[in-house]
Amino acid sequence: MTRWVLGIEYDGSCFGGFQRQAHATRPTVQGVLERVLSRIADHEVTVQCAGRTDAGVHATGQVVHFDTTSERPDRAWLQGGNSLLEPGIAIHWARPLSEDFHARFSAQWRRYRYLMTDRAPRQALLRDRVATVRGRLDAQRMHAAAQALVGEQDFSAFRAAGCQSRHAVREVQAVSVVRAGPLVCVDIRANAFLQHMVRNITGSLIRIGQGRAEEGWIGELLAARDRTLAGDAAPPEGLYLVEVGYAPAWGLPAATGAGLPMPSALLGDAGAVRT
């Protein structure tokens with residue numbers, strides 16, 4: 001038995017989320033991957049991921065693993081997989097590792113980015129890639145407010161009602177909000193995330209950026225631990241899983257999509273989203 005680890009990216013607008021669903025009306029990332037990898041392996045395989053993403057959410061640095069009894073070189077999974085996958089998903093790399101590795105449980109942290117634009121009128125080329133927000137956003141106020149999130153805390157205020165995690169304590173290791181031309185980017189890294197946590201945090205930061213709440217409001221929400229007091233969840237199309245961190249001993253490649261390069265035509269004079 002060999003455990004293979006893959007780095008993948010996908011366009012979330014093409015899928016009904018990552019997780020395979022029994023009665024899905026749209027393809028899922030897991031379902032598509034398992035079908036293709038099972039064909040290459042010549043037996044049924046099950047894929048495990050570092051972080052499940054919702055419908056419409058993208059990934060440039062997702063990590064998955066699966067076990068197979070078939071002996072195949074890495075090019076079979078990489079080149080063969082990409083030749084069989086539909087355009088909305090791609091494999092970046094493939095590595096064999098020991099069965100001690102687990103895409104989810106071996107991860108030390110995850111990093112998400114949320115991209116939004118406050119440019120009006122709406123931008124056709126950004127559809128399904130970047131969320132559109134009404135009104136000019138003050139990224140500096142959003143960044144200052146977001147620093148209250150750093151540290152190990154109870155994030156019940158930003159937890160989806162249907163979240164199945166046993167508790168709401170997570171450690172946010174770093175968070176920033178920057179502007180690049182018409183884009184505002186929220187970048188957040190944590191040991192793990194609750195369901196809809198990044199989208200719920202972003203929705204609250206948007207209120208602050210619009211001047212509808214004070215910078216100290218994030219701290220108040222954390223203390224209250226009440227989801228009903230926080231802002232609405234930001235739409236899924238602006239969210240990207242860009243990187244998953246593992247111990248260096250595993251020797252996995254760095255996420256190629258962590259910088260989220262965007263065409264300069266979409267960024268105006270800024271050229272690229274800053275890290």
Side-chain angles (χ1 to χ4, degrees), residues 4-21 24 26-37 46-66 77-78 81-82 84-95 101-116 126-131 160 175 183 185-202 233-246 250 252-263 273 275:
W4 281 91
V5 185
L6 308 179
I8 65 171
E9 72 171 27
Y10 47 85
D11 175 357
S13 66
C14 299
F15 302 100
F18 182 90
Q19 190 172 9
R20 181 180 60 251
Q21 302 169 30
R26 300 179 62 195
T28 64
V29 177
Q30 184 180 22
V32 169
L33 275 175
E34 289 179 344
R35 183 173 67 251
V36 168
L37 296 173
T46 300
V47 168
Q48 304 288 339
C49 72
R52 293 193 297 247
T53 53
D54 295 325
V57 176
H58 316 289
T60 58
Q62 177 72 275
V63 176
V64 304
H65 82 258
F66 64 95
W77 309 112
L78 182 60
N82 283 330
L84 296 172
L85 286 167
E86 52 196 71
I89 185 170
I91 301 172
H92 284 173
W93 49 262
R95 297 285 190 278
F101 177 86
H102 193 286
R104 177 185 174 189
F105 299 120
S106 297
Q108 297 178 328
W109 48 264
R110 288 92 171 157
R111 180 181 175 194
Y112 282 87
R113 277 186 171 172
Y114 194 94
L115 297 180
M116 67 195 94
L126 295 179
R127 182 177 57 87
D128 295 332
R129 301 292 185 279
V130 175
V175 58
L183 294 185
C185 172
V186 178
D187 189 307
I188 183 166
R189 194 179 92 171
N191 63 338
F193 289 88
L194 301 164
Q195 185 180 15
H196 295 175
M197 179 173 159
V198 179
R199 291 171 56 195
N200 290 338
I201 285 173
T202 301
E237 62 266 23
L239 186 58
Y240 295 75
L241 172 58
V242 297
E243 196 172 10
V244 183
Y246 296 95
W250 292 116
L252 295 179
T256 57
L260 276 183
M262 300 287 285
V273 174
T275 302

Under 30°, 30 to 60°, or over 60°: which ring-plane class applies to Trp77 and Trp4, parallel, tilted or perpendicular?
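Tilted, since the angle between the ring planes falls between 30° and 60°.
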
Mind checking whether Tyr240 and His58 have parallel, tilted or perpendicular rings, split at 30° and 60°?
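Geometry flag for His58 against Tyr240: tilted rings.
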
Would you call [X] and [Y] a side-chain contact if the rule is heavy atoms closer than 4.5 Å?
X      : Y      : result
Leu6   : Phe66  : yes
Arg127 : Ser13  : no
Ile201 : Tyr112 : no
Phe15  : Ile89  : yes
Leu115 : Arg129 : no

Test log, rule side-chain contact (heavy atoms from CB on, under 4.5 Å), inputs His92 and Gln62:
CA-CA 10 Å; His92 284 173; Gln62 177 72 275; over 6 Å; no

Name the one of Val57, Thr53, Asp54 that satisfies side-chain contact (heavy atoms from CB on, under 4.5 Å) with Pro236?
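Testing Pro236 for a side-chain contact (heavy atoms from CB on, under 4.5 Å) against Val57, Thr53, Asp54 leaves exactly one candidate, Val57.
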
Rounded to the nearest 0.5 Å, how far apart are [atom1] of [X] and [atom2] of [Y]?
X      : Y      : atom1 : atom2 : answer
Glu9   : Thr60  : CD    : OG1   : 7.0 Å
Ile91  : Asn82  : CD1   : CG    : 5.0 Å
Gln48  : Arg104 : CD    : CZ    : 9.0 Å
Gln195 : Asn200 : CD    : CG    : 9.0 Å
Gln19  : Thr28  : CD    : OG1   : 8.5 Å
Leu241 : Arg110 : CG    : CZ    : 9.0 Å

Going by side-chain contact (heavy atoms from CB on, under 4.5 Å), name the residues that satisfy it together with Ala103, two or more places apart in sequence or in a different chain.
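Ala103: side-chain contact (heavy atoms from CB on, under 4.5 Å) contacts with Val63, His65, Phe101, Tyr246.
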
Report the C-alpha distance between Met116 and Val186 in whole Å, list the side-chain angles of each, state the deciding distance to 0.1 Å, and finish with yes or no for side-chain contact (heavy atoms from CB on, under 4.5 Å).
CA-CA 9 Å; Met116 67 195 94; Val186 178; 3.8 Å; yes

For Ile188 and Phe193: C-alpha separation, side-chain torsions, deciding distance, then whether side-chain contact (heavy atoms from CB on, under 4.5 Å) applies.
CA-CA 10 Å; Ile188 183 166; Phe193 289 88; 4.1 Å; yes

With distance as the sole test, does Glu34 use its side chain to make a donor-acceptor pair with the main-chain N or O of Arg20 at under 3.5 Å?
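Not confirmed, Glu34 side chain does not pair with Arg20 backbone.
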
For Arg26, is the CZ atom crowded, meaning more than 12 foreign heavy atoms sit under 6.0 Å from it?
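Count over threshold, so yes.
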
For Gly61 versus Val244, what's the shortest heavy-atom pair and its separation?
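That closest heavy-atom pairing would be O-CG2, 3.6 Å.
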
If every non-hydrogen atom of Pro235 is compared with every non-hydrogen atom of Arg199, which pair is closest and at what distance?
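Shortest heavy-atom separation between Pro235 and Arg199 comes out as C-NE, 3.9 Å.
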
Under the criterion side-chain contact (heavy atoms from CB on, under 4.5 Å), I'd like the reasoning laid out for Tyr10 against Leu85: C-alpha separation, chi angles, the key distance, then a yes or no.
CA-CA 11 Å; Tyr10 47 85; Leu85 286 167; over 6 Å; no

